[in-house]
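Since the model is a prediction, treat every value here as computed from it, not as a measurement.
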Amino acid sequence: MPVEPLDELPTAARFSRRVQNYARYRPSYPPALLQLMRSEMGLEPTCVIADVGSGTGILSEIFLRHGNAVYGVEPNSEMRRMAEELLRDYPRFISVAGTAEATTLPAASVDFVTAGQSFHWFDHVRARAEFARILRPGGWAVLVWNFRKRTGSPFLAAYDRLLRRFGTDYERVEAESSAEGELHRFFGGEFRAATFANQQTLDYDGLCGRLLSASYIPLEDDPRFAAMIAELQRTFAEHQENGTVRIEYETKVYYGHVQT
């Protein structure tokens with residue numbers, strides 16, 4: 001059976017075969033995110049959060065550890081089941097089969113709507129209306145990304161060249177992730193932003209898993225896969241120090257009240 005091109009897959013389906021790598025090798029978010037939400041947005045353990053496009057629960061777990069009740073709203077069944085397994089010890093985690101445009105949550109039921117690495121996949125007009133519907137008066141929308149640095153070290157530059165060479169729609173996904181004009185339209189007015197440093201230190205297996213977690217990267221049944229892995233091995237061997245490499249990120253947070 002022919003393999004469906006990645007750029008033609010439905011958004012939710014792009015991650016179905018990447019769940020294990022996504023859960024194990026995607027970075028979490030720095031403690032400064034929680035500090036920001038406490039100091040500037042009044043986050044308390046009593047607040048209820050809808051984490052939309054919650055994936056395997058990376059962002060959800062930060063709030064669960066803080067004591068919050070979290071609705072993990074995720075359309076991809078494989079990602080959702082992984083989150084249910086990984087977060088099974090948190091009684092305040094509620095897994096929801098829904099989308100950003102139709103969360104299934106009651107009106108005025110949450111204090112925060114968050115989205116980690118997922119906002120660029122949403123229909124922004126419909127998601128904005130849905131977020132406004134489920135947020136309580138004065139509630140916050142918080143959009144978070146870990147943006148991998150493309151330069152700053154020889155390894156970062158070499159890894160970015162690999163992604164450009166083998167990624168199917170790498171540039172499009174990256175451009176959509178960082179389109180601040182969409183944020184102005186989404187919030188309908190003023191919003192605030194903050195940036196924090198973040199990083200991962202990975203051995204070769206970790207770097208390979210991090211690579212394969214990306215939606216635009218070919219998988220094993222793609223004819224480009226073998227050449228890509230060979231290039232990854234060369235890149236790691238050339239740049240590793242004491243058996244590891246470091247991926248550096250800027251964690252960007254955009255937050256505000258959704259205007260209707």
Side-chain angles (χ1 to χ4, degrees), residues 5-7 14-15 17-36 55-56 58-59 62 115-121 143-183 193-254:
L6 289 179
D7 56 1
R14 292 172 68 112
F15 292 98
R17 298 169 60 200
R18 306 174 191 272
V19 174
Q20 294 288 340
N21 285 322
Y22 200 105
R24 292 185 65 184
Y25 299 117
R26 281 296 179 106
S28 187
Y29 302 94
L33 169 62
L34 205 60
Q35 296 165 9
L36 174 76
T56 62
I58 294 171
L59 182 57
I62 291 174
Q117 307 294 132
S118 57
F119 176 76
H120 52 289
W121 300 115
L143 312 177
V144 189
W145 281 273
N146 280 318
F147 285 107
R148 177 185 42 79
K149 291 186 177 181
R150 299 186 179 199
T151 59
S153 74
F155 166 70
L156 291 174
Y159 186 65
D160 191 68
R161 288 195 297 271
L162 183 151
L163 297 179
R164 291 172 184 270
R165 178 181 173 189
F166 292 101
T168 55
D169 54 352
Y170 167 60
E171 291 295 340
R172 179 179 67 81
V173 172
E174 290 293 294
E176 289 177 354
S177 299
S178 56
E180 291 199 12
E182 288 297 322
L183 298 173
T195 302
F196 307 108
N198 200 10
Q199 65 178 38
Q200 285 180 295
T201 300
L202 301 168
D203 61 13
Y204 174 75
D205 288 342
L207 180 63
C208 188
R210 175 65 183 88
L211 174 72
L212 297 180
S213 76
S215 67
Y216 44 76
I217 287 299
L219 295 178
E220 290 87 343
D221 49 8
D222 190 291
R224 296 165 293 174
F225 183 80
M228 180 184 71
I229 293 301
E231 182 67 22
L232 185 72
Q233 291 169 341
R234 285 192 293 270
T235 299
F236 182 84
E238 182 177 349
H239 297 287
Q240 63 82 26
E241 296 182 10
N242 299 316
T244 64
V245 292
R246 186 172 65 189
I247 299 181
E248 298 176 14
Y249 301 91
E250 285 187 336
T251 300
K252 294 192 177 183
V253 187
Y254 303 93

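- Residue K252 holds its NZ atom at 13.5 Å from CG of L143, rounded to the nearest 0.5 Å.
- Looking at every heavy atom in both residues, S28 comes nearest to N198 through O-ND2, 2.9 Å.
- Between the OG1 atom of T168 and the CG atom of D222 there is a distance of 8.5 Å, given to the nearest 0.5 Å.
- Of all non-hydrogen atoms in R164 and D160, the two that sit nearest each other are NE-OD2, 2.7 Å.
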Distance-only donor-acceptor hits, side chain of residues 204-211, under 3.5 Å, sequence neighbours excluded:
residue: R210; atom: NE; partner: Y249; partner atom: OH; Å: 3.0
residue: R210; atom: NH1; partner: S213; partner atom: OG; Å: 3.3

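- The neighbour count for R24 CZ, taken as heavy atoms of other residues, nucleotides or ligands under 6.0 Å away, does not exceed 12.
- How far OG1 of T151 is from OH of Y159: 15.5 Å, rounded to the nearest 0.5 Å.
- Atom CD of Q117 is separated from atom OH of Y29 by 4.0 Å, given to the nearest 0.5 angstrom.
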Handout entry: side chain to side chain contact (heavy atoms under 4.5 Å, CB included) evaluation trace for R148 with Q200
Key = CA-CA 10 Å; R148 177 185 42 79; Q200 285 180 295; over 6 Å; no
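- The distance from the CG atom of N21 to the CD1 atom of I217 is 11.5 Å, given to the nearest 0.5 Å.
- Residues L212 and R18 come closest through the heavy atom pair O-NH1, 3.1 Å.
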Practice task
Would you please test Y216 and L163 for side chain to side chain contact (heavy atoms under 4.5 Å, CB included) and show each step?
Solution key: CA-CA 9 Å; Y216 44 76; L163 297 179; 4.0 Å; yes
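- Residues L36 and A194 approach most closely at CD2-CB, 4.0 Å, considering heavy atoms.
- Listed by chain and residue number, L162, R165, F166, R234, T235 satisfy the side-chain contact (heavy atoms from CB on, under 4.5 Å) test with E231 (two or more places apart in sequence, or in another chain).
- Judged purely by distance below 3.5 Å, without hydrogens or angles, the side chains of T244 and D203 never pair a donor atom with an acceptor atom.
- The CZ atom of R26 sits 9.0 Å away from the OG1 atom of T56 when rounded to the nearest 0.5 Å.
- Relative orientation of the W145 and H120 rings is tilted, given thresholds of 30° and 60° on the angle between their planes.
- For Q240 against V245, the heavy-atom pair with the smallest separation is CA-CG1, 3.7 Å.
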